[in-house]
Amino acid sequence: MISQRGTLPVDCHQVGVRYGSTQALDQATLQVEPGQVYALLGRNGSGKTSLVRCLLGHQKPTAGRIELFGQEVWTSRQALMHRVGVVAEEPDAPPLMSTRQLVRFCGGLYPGWDPAGVDDRLRRFRVPLDLPFGRLSRGQKGQVSLALALGPRPALLVLDDPTLGLDAVARREVYDELLGELAERGTTVFITTHDLAGIEGLADRIGILHQGRLLVDASLEELKTRHRKVSWAPTQAVDPRDLAPYAPLWSRAGSLGGEAILTQGDPSQVSGLQVHALSLEELFVALVGAEAEVAS
């Protein structure tokens with residue numbers, strides 16, 4: 001069920017961002033439902049950073065509008081930000097302050113601060129509390145930022161590539177923490193990431209930006225239902241042209257056989273095909289690659 005406009009945590013309508021002659025974002029429209037995890041994907045330079053900056057009121061869109069909880073961000077940022085937790089791509093805090101000092105400082109800014117929750121997260125993350133922030137590792141800085149962002153019990157959590165540069169264990173801890181927060185409070189999450197494998201088990205809805213345009217805005221389930229991955233062995237007499245009625249998004253054939261991602265119909269009547277589960281990464285590469293070919 002679609003929420004009524006004005007109650008949505010995030011409502012972006014035909015948002016455009018231009019830098020001189022460069023159109024960084026072109027009429028991007030998306031909505032995020034309460035309690036939903038919305039993952040915004042895209043290659044570097046696709047427009048993700050511009051959209052996040054506008055979403056947080058750091059930048060005014062050239063066109064369109066962005067509302068959080070029914071209020072226009074650019075004009076109501078001060079009133080809105082107490083409901084929003086943010087983890088930036090590059091974690092930043094006074095380098096000489098220890099984690100303990102940062103927690104004490106941030107806790108004094110929010111009347112709804114959750115000291116027990118913050119302490120518990122930092123303990124699970126095994127972050128040294130008395131080490132200056134500037135001496136923490138890249139992963140530890142990200143974990144501190146996440147703990148502080150969740151401290152005020154935000155209604156909306158905005159994460160800008162939070163696992164960038166983290167090892168596999170640290171990435172898993174970040175995602176486990178988000179899952180726990182969602183299970184406990186139903187926090188709405190808007191996340192940009194390059195970690196497609198990690199976000200696949202968490203995201204409810206996917207947006208894919210490419211060259212400033214929103215190519216995809218759909219649930220992950222819908223995307224996987226709409227697209228089918230098939231393959232065939234070299235011993236199978238499958239002519240890739242037989243797949244034309246199924247609108248291949250991407251296909252490859254060679255001496256070792258072939259594979260394709262199809263966008264319509266049921267190809268089961270084409271003999272020799274094997275159907276496989278489609279990962280988010282495979283889907284992303286196919287969608288962005290196909291669009292890049294069309295653009296060129």
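The structure displayed is predicted, hence computed values, not measured ones.
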Between [Y] and [X], is the closest basic N to carboxylate O distance under 4.0 Å?
{"X": "Glu221", "Y": "Arg226", "result": "no"}
{"X": "Asp176", "Y": "Arg172", "result": "yes"}
{"X": "Arg124", "Y": "Glu177", "result": "yes"}
{"X": "Arg153", "Y": "Asp114", "result": "yes"}

Report the distance from atom [atom1] of [X] to atom [atom2] of [Y], rounding to the nearest 0.5 Å.
{"X": "Gln36", "Y": "Thr187", "atom1": "CD", "atom2": "OG1", "value": "13.5 Å"}
{"X": "Arg104", "Y": "Thr99", "atom1": "CZ", "atom2": "OG1", "value": "11.5 Å"}
{"X": "Arg241", "Y": "Leu243", "atom1": "CZ", "atom2": "CG", "value": "11.5 Å"}
{"X": "Leu55", "Y": "Glu67", "atom1": "CG", "atom2": "CD", "value": "12.0 Å"}

Counting C-beta onward and ignoring hydrogens, is there a side-chain heavy-atom pair between [X] and [Y] closer than 4.5 Å?
{"X": "Leu209", "Y": "Leu25", "answer": "yes"}
{"X": "Asp160", "Y": "Val87", "answer": "no"}
{"X": "Glu259", "Y": "Trp250", "answer": "yes"}
{"X": "Gln59", "Y": "Cys54", "answer": "yes"}
{"X": "His276", "Y": "Ser231", "answer": "yes"}
{"X": "Val216", "Y": "Leu287", "answer": "yes"}
{"X": "Arg138", "Y": "Leu164", "answer": "yes"}
{"X": "Val84", "Y": "Pro9", "answer": "no"}

Regarding [X] and [Y], do their side chains bring together a donor and an acceptor under 3.5 Å, going by distance alone?
{"X": "Thr75", "Y": "Glu72", "value": "yes"}
{"X": "Tyr38", "Y": "Thr188", "value": "no"}
{"X": "Asp161", "Y": "Thr192", "value": "no"}
{"X": "Tyr175", "Y": "Asp195", "value": "yes"}
{"X": "Arg77", "Y": "His58", "value": "yes"}

Can any side-chain N or O of [X] pair as donor or acceptor with the backbone N or O of [Y] at less than 3.5 Å?
{"X": "Ser98", "Y": "Gln101", "value": "yes"}
{"X": "Arg123", "Y": "Arg126", "value": "no"}
{"X": "Gln236", "Y": "Ala233", "value": "no"}

Heavy-atom pair with the smallest gap, counting every atom of [X] and [Y]:
{"X": "Ala247", "Y": "Thr263", "value": "O-OG1, 2.7 Å"}
{"X": "Pro94", "Y": "Leu102", "value": "CD-CD2, 4.0 Å"}
{"X": "Val230", "Y": "Pro267", "value": "CG1-CG, 4.1 Å"}
{"X": "Leu136", "Y": "Pro128", "value": "CD2-CG, 3.9 Å"}
{"X": "Arg205", "Y": "Ser219", "value": "NH1-N, 3.5 Å"}

Going hydrophobic residue to hydrophobic residue with side-chain gaps under 4.5 angstrom, can you get from Val275 over to Ile261?
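Different clusters.
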Quick check on [X]: does its [atom1] atom have over 12 non-hydrogen neighbours (other residues, nucleotides or ligands) under 6.0 Å away?
{"X": "Arg252", "atom1": "CZ", "result": "no"}
{"X": "Leu256", "atom1": "CG", "result": "no"}
{"X": "Gln264", "atom1": "CD", "result": "yes"}

Only one of Val189, Val37, Val174 passes side-chain contact (heavy atoms from CB on, under 4.5 Å) with Leu159; say which it is.
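Per the side-chain contact (heavy atoms from CB on, under 4.5 Å) rule, the option paired with Leu159 is Val189, out of Val189, Val37, Val174.
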Pairs of donor and acceptor atoms involving the side chains of residues 141-149, under 3.5 Å and at least two apart or interchain, shall be tabulated with distances.
unit_1, atom_1, unit_2, atom_2, d
Gln143, NE2, Glu173, OE1, 2.8
Ser145, OG, Lys141, O, 3.0

With sequence neighbours excluded, tell me which residues meet salt bridge (charged side-chain N to carboxylate O under 4.0 Å, His left out) with Glu181.
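Only Arg121, Arg185 meet the salt bridge (charged side-chain N to carboxylate O under 4.0 Å, His left out) criterion with Glu181.
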Determine, for Phe69 and Arg83, whether the Lys NZ or Arg CZ falls below 6.0 Å from the six-membered ring centre while staying within 45 degrees of the axis.
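Ring-cation test returns yes.
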side-chain contact (heavy atoms from CB on, under 4.5 Å) for Trp74 and Lys60? Distances and angles first, verdict last.
CA-CA 6 Å; Trp74 182 249; Lys60 185 178 182 180; 3.4 Å; yes
Assess whether side-chain contact (heavy atoms from CB on, under 4.5 Å) is satisfied between Asp239 and Trp232, documenting all intermediate values.
CA-CA 10 Å; Asp239 188 334; Trp232 56 94; over 6 Å; no
Check against side-chain contact (heavy atoms from CB on, under 4.5 Å), Leu41 and Ile206
CA-CA 7 Å; Leu41 314 177; Ile206 301 293; 3.8 Å; yes
Go through it in stages, so that I can follow the logic: the residues are Leu214 and Ile208, the test is side-chain contact (heavy atoms from CB on, under 4.5 Å), and I'd like the CA-CA distance, side-chain angles, deciding distance and then a yes or no.
CA-CA 6 Å; Leu214 194 63; Ile208 298 180; 5.9 Å; no
